[in-house]
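Below you'll find the structure, written out as structure tokens, and then a few comments.
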Amino acid sequence: MAFGNDRAQSVFGNTQDERTYRKACQSKEGYLKKYGDDTNAIYHLKSAPVPVISEALGVRNLVMAAGGDAPLDINADAASAPKPGQTSRTVPGADGKPVIVGNIRMGFGHYRISMAMASAAHAMGYTPYWLDLASFKGTTGSAMIAHQNDLYSMGSRLSQKVGLFNRLVWEPLNSEGFRQLSYNSADQKNTELCVPIFRDIDKDTPYVGTHVWPSQAAVHAGMTHVVNAIPDNWPMALHLAEGSIHTVQTPSAYLGYHQLRGMDSSRQLLPMPEGSLFYTGHYVDHELVANIHADCERRRSRVAGNGPVRYLLSVGGAGAQQGLFAAIVTHVLPYVRSGAATLFVNVGDHKNVWHALKKQVRGLSAVSVEHFGSFAEVDEFARAALDGEAGGVHAFWDEDIFSAVYSSNVLMRCSDVLVTKPSEFSFYPVPKLMIHRVGGHEAWGAIRSAEVGDGTYELDDTNEVLDMIDSFQNDRALIPFMCDRIEDANAQGVYDGAYKVISLATQGVAAIR
């Protein structure tokens with residue numbers, strides 16, 4: 001597989017050393033030996049509905065077509081799809097044209113960003129297409145991604161069980177290891193393996209990558225309108241995809257990426273060139289942004305009326321932090337029994353987490369209602385809870401990944417406090433209680449939330465978490481304070497990042513200047 005510019009050798013003019021480049025080439029060759037070489041394979045794609053979010057966000061899923069099917073014409077496919085309804089965000093000339101959201105599941109965070117991008121695209125009048133590079137079974141690129149995702153999930157879980165591993169391996173890897181420019185080299189070579197998946201796609205289709213691998217793969221494949229939506233708030237070379245437009249959610253991330261700060265401890269690096277990096281604001285779904293004022297007003301009204309404080313406890317995609325979840329539920333349960341609190345627990349697609357909680361927390365089963373396997377039921381419950389009563393403990397689970405992730409989105413609107421690690425949720429417009437991170441790169445998400453004022457600082461001790469819950473219960477001014485900060489930030493466009501990313505992909509740089 002030949003490329004005019006081998007991006008594993010140099011990043012923004014900063015040359016990788018020969019040892020790093022050789023190691024990157026060996027990584028790619030290792031995957032070719034392990035999973036086979038499909039460089040010359042002919043894969044055709046087709047579009048299909050996506051569970052749950054097709055109806056909510058107008059999304060079409062790009063999947064492998066059967067043998068003998070004609071190549072995908074994405075523009076014709078989009079023209080035949082139902083046209084998005086008019087919203088206050090509709091862009092003149094959008095007319096249902098396609099926008100591809102390239103993603104992978106690595107935890108829930110990257111899927112969550114993808115849903116925000118699809119939601120924004122739909123609200124702006126485009127037809128969003130979902131391209132999950134890990135979903136194409138039998139392809140070398142997907143097998144490589146699945147292997148790396150399994151390793152990451154295993155590391156996340158192990159880091160929460162073995163303190164020494166977390167301190168000596170996981171934290172340093174997630175904060176400094178992924179930060180180094182040398183790490184980018186192997187990813188660049190490995191993502192060349194994903195190019196065959198792109199052969200059917202019109203190269204000029206607007207494309208947003210919500211993980212660096214789909215962004216790098218799209219650039220390798222010759223896509224011409226690639227936006228690389230960088231997650232988190234800690235600049236790392238891991239997230240660089242030269243040849244794309246990079247976007248970040250915060251001003252501090254903008255400055256860190258611009259200077260490639262700390263990405264090679266042995267030298268001062270050349271900065272990112274003009275036009276390659278933009279600050280957009282937080283990546284948030286249209287449905288949440290459009291309802292910020294109404295939802296904040298509901299929260300103020302509930303706490304002012306001494307109603308139960310509603311907590312949404314959302315389990316991450318790696319299923320880590322089981323012991324902390326049990327401690328939180330145990331602490332909240334007496335408040336629930338007295339009518340002073342309500343608890344929503346979304347375990348995503350990790351039913352084992354809920355079963356373990358019921359075993360660990362005495363009396364949990366007796367006060368719990370399970371909403372399992374039906375997104376329609378979750379949606380109906382959340383809508384009713386917006387202006388209605390909700391008491392007790394409600395557990396949510398679905399084996400379908402889209403339902404599992406999107407359930408937290410609909411539950412956020414009827415919740416008062418989101419209890420979460422400082423993951424992608426750090427950037428969402430809902431009051432947040434930030435529990436301990438899973439990986440050092442997440443730390444700056446909590447810092448951003450605390451500075452904006454829509455969440456707490458990171459609470460890295462269990463007793464500190466429980467004390468904060470007591471404060472939310474006893475000081476009814478805390479939630480309105482956070483709601484005020486959310487509305488202040490919204491007035492400044494802080495939560496408009498997803499719209500701006502879509503504008504960059506579809507209309508170019510001039511659209512956001």
Side-chain angles (χ1 to χ4, degrees), residues 1 38-51 53-85 90-104 114-115 117-142 191-210 213-228 243-245 402 501-508 511:
M1 191 178 296
D38 64 352
T39 300
N40 298 314
I42 304 298
Y43 298 129
H44 289 319
L45 304 180
K46 65 178 181 179
S47 73
V50 184
I53 62 173
S54 269
E55 183 176 348
L57 308 179
V59 182
R60 305 286 293 166
N61 196 15
L62 293 176
V63 299
M64 197 74 79
D69 283 2
L72 172 74
D73 184 337
I74 196 168
N75 293 299
D77 190 88
S80 66
K83 294 296 180 287
T90 301
V91 175
D95 300 327
K97 293 174 183 175
V99 176
I100 296 174
V101 182
N103 58 71
I104 63 171
S114 295
M115 290 179 179
M117 298 303 173
S119 173
H122 181 63
M124 295 167 73
Y126 297 99
T127 300
Y129 283 80
W130 192 271
L131 180 66
D132 181 352
L133 291 188
S135 68
F136 294 92
K137 305 302 181 186
T139 69
T140 303
S142 285
T191 53
E192 292 175 358
L193 301 172
C194 298
V195 168
I197 297 171
F198 286 78
R199 288 217 168 94
D200 261 8
I201 300 174
D202 187 313
K203 298 297 184 281
D204 293 330
T205 306
Y207 181 100
V208 175
T210 61
W213 296 342
S215 298
Q216 291 170 347
V219 171
H220 290 319
M223 300 291 288
T224 60
H225 293 73
V226 180
V227 177
N228 176 33
S244 69
I245 292 175
F402 297 101
V501 168
I502 298 301
S503 293
L504 278 168
T506 57
Q507 302 167 68

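Only heavy atoms go into these numbers, but all of them, side chains included; no hydrogens, no water, no symmetry mates.
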Inset, instruction - Please name all residues satisfying ring pair (Phe, Tyr, Trp, His ring centres under 6.0 Å) with F402, sequence neighbours left out, ordered by chain then number. - result: Y111, W130
Legend entry - Sub-4.5 Å side-chain heavy-atom contact between Y43 and M64: yes
Legend entry - Sole candidate of S47, P98, P128 that passes side-chain contact (heavy atoms from CB on, under 4.5 Å) when paired with R60: S47
Legend entry - Closest non-hydrogen atom pair between V195 and A221, with its separation: CG2-N, 4.0 Å
Inset, instruction - State, with a plain yes or no, whether a side-chain heavy atom of I104 is found less than 4.5 Å away from one of W213. - result: yes
Legend entry - Rounded distance (nearest 0.5 Å) linking atom NE2 of H44 with atom CG of D200: 5.5 Å
Legend entry - I100 and its side-chain contact (heavy atoms from CB on, under 4.5 Å) partner, picked from I74, D202, T127: I74
Inset, instruction - Hey, could you give me the CG/OG1 distance between L193 and T39, rounded to the nearest 0.5 Å? - result: 7.5 Å
Legend entry - Test item: I201 and Y129 side chains (from C-beta on) under 4.5 Å apart, heavy atoms: no
Inset, instruction - Report yes if the side chains of M124 and V99 come closer than 4.5 Å at any heavy-atom pair, otherwise no. - result: no
Legend entry - Closest non-hydrogen atom pair between V208 and M117, with its separation: CG1-CG, 4.0 Å
Inset, instruction - Report the residues that fulfil side chain to side chain donor-acceptor pair (under 3.5 Å) with T140, sequence neighbours left out, ordered by chain and then residue number. - result: D38
Inset, instruction - Ignoring hydrogens and angles, state whether a donor on the side chain of T506 or Y126 is under 3.5 Å from an acceptor on the partner side chain. - result: yes
Legend entry - Note, S135 side chain near V63 side chain (heavy atom, < 4.5 Å): no
Legend entry - Distance (rounded to the nearest 0.5 Å) between I42 CD1 and R199 CZ: 5.5 Å
Legend entry - Separation between CG of L131 and CG of L45, rounded to the nearest 0.5 Å: 7.0 Å
Legend entry - Within-4.5 Å side-chain heavy-atom neighbours: H122 and V59: no
Legend entry - Minimal non-hydrogen separation, N61 against P49, with atom names: CB-O, 4.1 Å
Legend entry - Heavy-atom pair with the smallest gap, counting every atom of V91 and Q507: CG1-NE2, 3.9 Å
Inset, instruction - Considering non-hydrogen atoms only, spot the tightest contact between A134 and S142 and give its length. - result: C-OG, 3.7 Å
Inset, instruction - Calculate, to the nearest 0.5 Å, the distance between atoms CG and NZ belonging to N75 and K97 respectively. - result: 9.0 Å
Legend entry - Atom pair CG/NZ of D77 and K46 - distance to nearest 0.5 Å: 11.5 Å
Inset, instruction - Of all the heavy-atom pairs spanning G243 and V219, show the shortest one and how long it is. - result: C-CG2, 3.9 Å
